[in-house]
Enquirer: 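Quick one: the structure is below, and I'll ask about it shortly.
These numbers come from the heavy atoms of this one structure, side chains and all, not from hydrogens, waters or symmetry mates. We're numbering straight along the sequence, starting at 1. Not measured: the values here are computed from a predicted model.
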Amino acid sequence: MSSTQKPSGQSHPPVLNGGNADDRLVQLRGLLLGPEQEQLDDLRRRMDDPAGRSEDLSRHIAEAIAIRVKRDRKLQVTLQPVVEEALRISVARDPAMLATALFPIIGEAVRKAVAHALSGVVESLNQMLDRSFSTESWKWRLEAWRTGKSFGEVALVKSISYRVEQVFLIHRESGLLIEHVATADAAVQDTDLVSSMLTAIQDFVHDSFGGKKSDELEMMEVGDFKLWLQHGPVAILAAVVRGVPPPLLRQVFEREVEAIHKKYASELNEFQGDSAPLSGCRENLQHCLLGRGRADKKKKSYKTIAVFAAALLCVGAIVALRVRDNLRWEHYLQRLRGEPGIVVTGARRSWFSYAVTGLRDPYAVAPRELLGDFKIPERKVTEKWEPFLSLDPRFTEERKLELDKERLEKQVLRFDLNSTQLRADQFALLETTADDILSLEKAAALNGQRLPIEVSGHTDDTGHQELNAQLSEGRASTVVRALVKRGIAADVLVARGLGTRSAHSNLEDEYPKELDRRVTFKVLMPRADQPK
């Protein structure tokens with residue numbers, strides 16, 4: 001290559017030796033700016049490639065939408081016309097698709113509406129038939145003869161006389177009263193108490209008798225008035241109706257509940273007890289105070305009063321028992337949280353059962369032993385405890401005591417045949433044993449205990465039994481005296497001769513008999529019913 005030619009297609013950096021100034025400048029620029037130039041070229045190719053830009057955008061569009069939705073509602077407002085137009089085109093193209101998707105919802109709504117209508121008609125007819133041979137029926141016949149109307153028409157009009165006396169709007173989740181309206185002469189009680197009692201009764205019925213989530217308590221009847229409940233997504237409308245209301249009244253309640261949820265959707269979702277932002281829904285509740293003639297006032301019989309009082313007593317008793325059980329459970333949990341070595345990580349309660357989970361040190365008190373203090377039946381409580389080691393000083397001391405006990409009980413001092421004198425090679429082990437006993441006594445003292453130690457002498461199975469018994473007692477006494485000289489309290493040590501009772505050589509032919517000529521140690525722990 002001549003000096004005037006420009007390098008091309010080289011896989012290694014060009015050499016600056018030789019060439020004119022322009023060539024060297026080109027070579028120097030390639031060395032200094034080559035990687036950056038390649039990156040710029042790659043970036044330009046990606047920007048010019050629509051498929052590449054779409055691929056990059058697809059990686060981050062979901063996160064971008066999530067962040068924007070949390071910030072404000074501009075994205076929803078922008079996408080609303082697009083979604084509506086897409087839904088319109090989809091329905092126009094394939095109506096069966098939307099019908100299939102909405103079928104479960106519409107079918108259930110239609111069935112519920114038909115059931116309400118039939119229930120109202122049947123109720124009116126039943127009441128009309130009940131009065132066919134009563135005094136009221138003869139009054140209706142007289143009015144039919146006087147007005148020229150048919151008996152059936154008069155009976156139907158009379159049988160559906162009613163009046164809506166009070167209407168409550170209750171927050172569904174918290175059970176708090178949002179708004180209340182009533183007629184001028186209605187007997188208004190404590191509205192907040194009524195709201196709480198209705199919520200408690202609904203929860204009791206749903207928890208006790210189960211059913212689907214869509215199944216709700218819709219009507220209660222006490223004496224000559226009924227309590228109709230119309231459930232919305234966030235709020236419940238409860239109306240006190242006296243007399244026999246027509247089935248169409250249910251449609252009025254449904255319409256007003258829908259209007260309230262549509263007009264005050266955000267206020268209902270953010271409701272925390274302050275009903276001021278929802279004061280406008282009072283007008284909707286006023287629309288429910290309807291009545292076609294005032295229902296006939298009847299004197300309540302003693303039987304009706306007794307039934308009503310019994311119902312209130314039952315509800316009050318259920319609520320009182322529920323409150324009592326909840327208080328007992330809360331006190332039990334407080335006791336558990338205060339116990340050393342127990343950490344409660346979860347607790348749950350329902351109408352008929354309780355459950356608690358957490359961590360428990362093996363030395364901590366058994367949680368079931370505390371249930372009796374709070375009169376909670378053990379069969380109703382489900383527990384799940386994971387083991388862990390607590391750093392509480394009481395448990396660390398007990399663990400140290402247990403370790404010292406195990407270490408001491410593993411010590412064995414050996415003796416020669418027919419000898420009560422400790423072998424010379426056992427004195428170092430004797431010193432270690434003395435240190436272990438001193439450590440055990442110190443740990444027991446910190447735990448408020450004083451533990452006796454049984455020093456047991458043993459022999460092999462050779463020789464006479466009486467001589468072996470004396471020999472084993474002598475070995476035990478020798479070790480006790482040696483330990484007392486090394487600072488161990490004499491009243492802590494108990495010498496005992498076992499003779500050949502624990503000999504292994506009489507069980508195994510190949511077991512060395514010299515291993516039976518020994519002294520062992522056993523810590524006498526107090527029983528659970530004995531004081532420390």
Side-chain angles (χ1 to χ4, degrees), residues 35-113 169-176 178-179 199 202-203 206 211-216 230-237 254-281 284 345-346 348 357:
E36 289 76 6
Q37 185 65 37
E38 292 179 1
Q39 293 179 359
L40 289 174
D41 293 339
D42 182 65
L43 181 60
R44 183 181 295 108
R45 286 193 299 271
R46 292 177 62 186
M47 295 299 296
D48 294 339
D49 183 14
R53 292 201 306 273
S54 300
E55 177 67 18
D56 294 340
L57 182 61
S58 66
R59 297 174 183 172
H60 306 287
I61 189 169
E63 291 80 1
I65 292 176
I67 294 173
R68 188 63 184 180
V69 168
K70 293 180 180 178
R71 184 176 300 172
D72 53 41
R73 303 187 63 182
K74 291 183 179 180
L75 182 63
Q76 294 94 314
V77 175
T78 304
L79 294 178
Q80 181 177 354
V82 179
V83 175
E84 291 177 350
E85 182 65 17
L87 182 61
R88 186 188 65 78
I89 294 174
S90 177
V91 173
R93 182 179 301 170
D94 187 8
M97 178 189 66
L98 185 63
T100 302
L102 295 179
F103 173 77
I105 302 175
I106 295 177
E108 184 174 356
V110 171
R111 287 194 298 271
K112 186 175 290 188
L169 186 64
I170 303 170
H171 191 248
R172 185 166 188 153
E173 182 177 357
S174 63
L176 298 176
I178 299 175
E179 193 58 77
T199 304
Q202 287 191 99
D203 292 342
H206 193 274
K212 299 182 296 184
K213 288 187 176 180
S214 59
D215 295 337
E216 303 284 357
Q230 185 62 45
H231 297 268
V234 185
I236 301 174
L237 186 148
E254 293 175 353
R255 182 178 67 248
E256 297 304 327
V257 167
E258 293 174 359
I260 290 173
H261 279 78
K262 182 177 181 181
K263 188 175 181 181
Y264 303 98
S266 60
E267 289 84 355
L268 287 172
N269 290 325
E270 298 172 0
F271 179 75
Q272 297 292 333
D274 182 14
S275 58
L278 294 164
S279 58
C281 66
N284 297 91
T345 59
R348 177 183 57 81
T357 58

Enquirer: Which heavy atom of E179 sits nearest to which heavy atom of S279, and what is that distance?
Expert: OE1-CA, 4.0 Å
Enquirer: Check for a donor-acceptor pair, side chain of H171 on one end and backbone N or O of I178 on the other, with a separation under 3.5 Å.
Expert: no
Enquirer: Is T345 reaching over with its side chain to a backbone N or O of T357, donor-acceptor style, under 3.5 angstrom?
Expert: yes
Enquirer: Atom CZ in R93, atom CZ in R88: separation rounded to 0.5 Å?
Expert: 10.5 Å
Enquirer: Locate the shortest heavy-atom distance separating V257 from G232; write the atom from each residue and the value.
Expert: CG1-CA, 3.9 Å
Enquirer: Quick check: are there more than 12 heavy atoms from other residues, nucleotides or ligands sitting under 6.0 Å from CD of E63?
Expert: yes
Enquirer: What are the two closest heavy atoms between E267 and K263, and how far apart are they?
Expert: OE1-O, 4.2 Å
Enquirer: Are V234 and E173 side-chain neighbours, meaning at least one heavy-atom pair lies under 4.5 Å?
Expert: no
Enquirer: Looking at L169 and C281, what are the two nearest heavy atoms and their distance?
Expert: CD2-SG, 3.6 Å
Enquirer: First locate atom CD of E258, then atom CG of N284, and finally report the distance between them rounded to the nearest 0.5 Å.
Expert: 11.5 Å
